[in-house]
Amino acid sequence: MVRKTKLAAATLVILSLTLAGCDKARKAAEAINRYAISLDAAQKVEIEAHKSAIITNDEHRKLQQSFIRAAQAGKSLNHGLVAALQGGDPKAQLDAATQTLDALINDLDVIHDADKRNELKALMLAVKAALQNAITLIQAVKGGSQ
Amino acid sequence: MNLADVVKLLTFLTNVQPIVGQAIIALTASLQGKSLEEIQADSDTIFDAVIARGRDELMRTPPDDAQALDRDADGVPDIHDPDPLDPKVP
């Protein structure tokens, strides 16, 4: 009887840890998804501004290159999440995502139209917040797996 | 705990944990509509769309100076010149 109780308790502990890890991973994956959606939306706003000739071709080209780099690094966040789930260190992926988004935000300074520049900078603050939330949750997965 | 206990524990966990785990995961998935893997795949799809759209924009957008560049001095900007490598151009 005592042995069965111990087995049940051990099972409960393992189940709780597993489910807590799953829950954290889900939240982190959802946060990465929100970051992807916000980056996608910001890119569409920039493209519309270029179509309206508010943003020049050179400005548009530079910004699109930065969007591509930010999205490529964004994809690696999922790899970071998997690494965190397996007890690895996602730092490289998290740093790459942060650096490429910061570079994109800095590149907004090339926009000659002050109103559009400020509008996009405000929008990118929301994108940055989404990324920071994803990073915090991925780090929590890593912390939980240790 | 001896080896027999370890075997019993592993057998118990193998039989019970996946059932409970799968049920809760299924419940969570039904609440959210998507599994962890599906959420990750969805994010990848969105990031891929950003990359593809960016590349498409780069392809279709010439640099500003290309609008006026006329290296062969034929009075027509280079971007409107027929492509000499295009077999359809005589």
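None of the values given here were measured: they were computed from a predicted structure. By convention in this document, chain letters (A, B, ...) are assigned in the order of the sequence lines, proteins followed by strands, and residues within each chain are numbered from 1.
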Connected via hydrophobic side-chain network under 4.5 Å: [X] and [Y]:
{"X": "I46(B)", "Y": "L137(A)", "result": "no"}
{"X": "F67(A)", "Y": "L108(A)", "result": "yes"}
{"X": "I55(A)", "Y": "I68(A)", "result": "no"}
{"X": "I111(A)", "Y": "L123(A)", "result": "yes"}
{"X": "L125(A)", "Y": "Y35(A)", "result": "no"}

| Under 3.5 Å: donor-acceptor pair, side chain of N57(A), backbone of T61(B) |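 Not confirmed, N57(A) side chain does not pair with T61(B) backbone.
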| Is a donor on one side and an acceptor on the other found under 3.5 Å between the side chain of Q64(A) and the backbone of E57(B)? |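 No: the side chain of Q64(A) does not pair with the backbone of E57(B).
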| task | Work out which heavy atom in P63(B) is nearest to a heavy atom in D58(A); give both atom names and the distance. | result |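 Taking P63(B) first and D58(A) second, the nearest heavy atoms are CA-OD1, 3.4 Å.
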| Non-hydrogen atoms of S43(B) and A29(A) that approach each other most closely |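 Shortest heavy-atom separation between S43(B) and A29(A) comes out as OG-O, 4.1 Å.
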| Between L39(A), I47(A), V82(A), which has the largest tally of heavy atom pairs under 4.5 Å with chain B? |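 Ranked by heavy-atom pairs under 4.5 Å with chain B, first place is I47(A).
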Within this structure, what is the [atom1]-[atom2] distance for the pair [X] and [Y], rounded to the nearest 0.5 Å?
{"X": "S35(B)", "Y": "R26(A)", "atom1": "OG", "atom2": "CZ", "result": "7.5 Å"}
{"X": "R53(B)", "Y": "E46(A)", "atom1": "CZ", "atom2": "CD", "result": "11.0 Å"}
{"X": "F47(B)", "Y": "I37(A)", "atom1": "CZ", "atom2": "CD1", "result": "9.5 Å"}
{"X": "I51(B)", "Y": "D40(A)", "atom1": "CD1", "atom2": "CG", "result": "11.5 Å"}
{"X": "I39(B)", "Y": "R34(A)", "atom1": "CD1", "atom2": "CZ", "result": "9.5 Å"}
{"X": "L81(A)", "Y": "L36(B)", "atom1": "CG", "atom2": "CG", "result": "6.0 Å"}

| task | Check the surroundings of atom NZ in K62(A): do more than 12 heavy atoms from other residues, nucleotides or ligands lie under 6.0 Å from it? | result |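 It does not: K62(A) NZ has 12 such atoms or fewer within range.
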| Any Lys/Arg nitrogen of D64(B) or R61(A) sitting under 4.0 Å from an Asp/Glu carboxylate oxygen of the other? |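 So D64(B) does not pair with R61(A) through a salt bridge.
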| Hey, are the side chains of Q40(B) and I32(A) touching, using non-hydrogen atoms and a 4.5 Å cut-off? |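 A side-chain contact is absent here, since even the closest heavy-atom pair is not under 4.5 Å.
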| query | So what's closer than 4.5 Å to chain B heavy atoms on Q43(A): side chain, backbone, both or neither? | reply |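 Side chain only.
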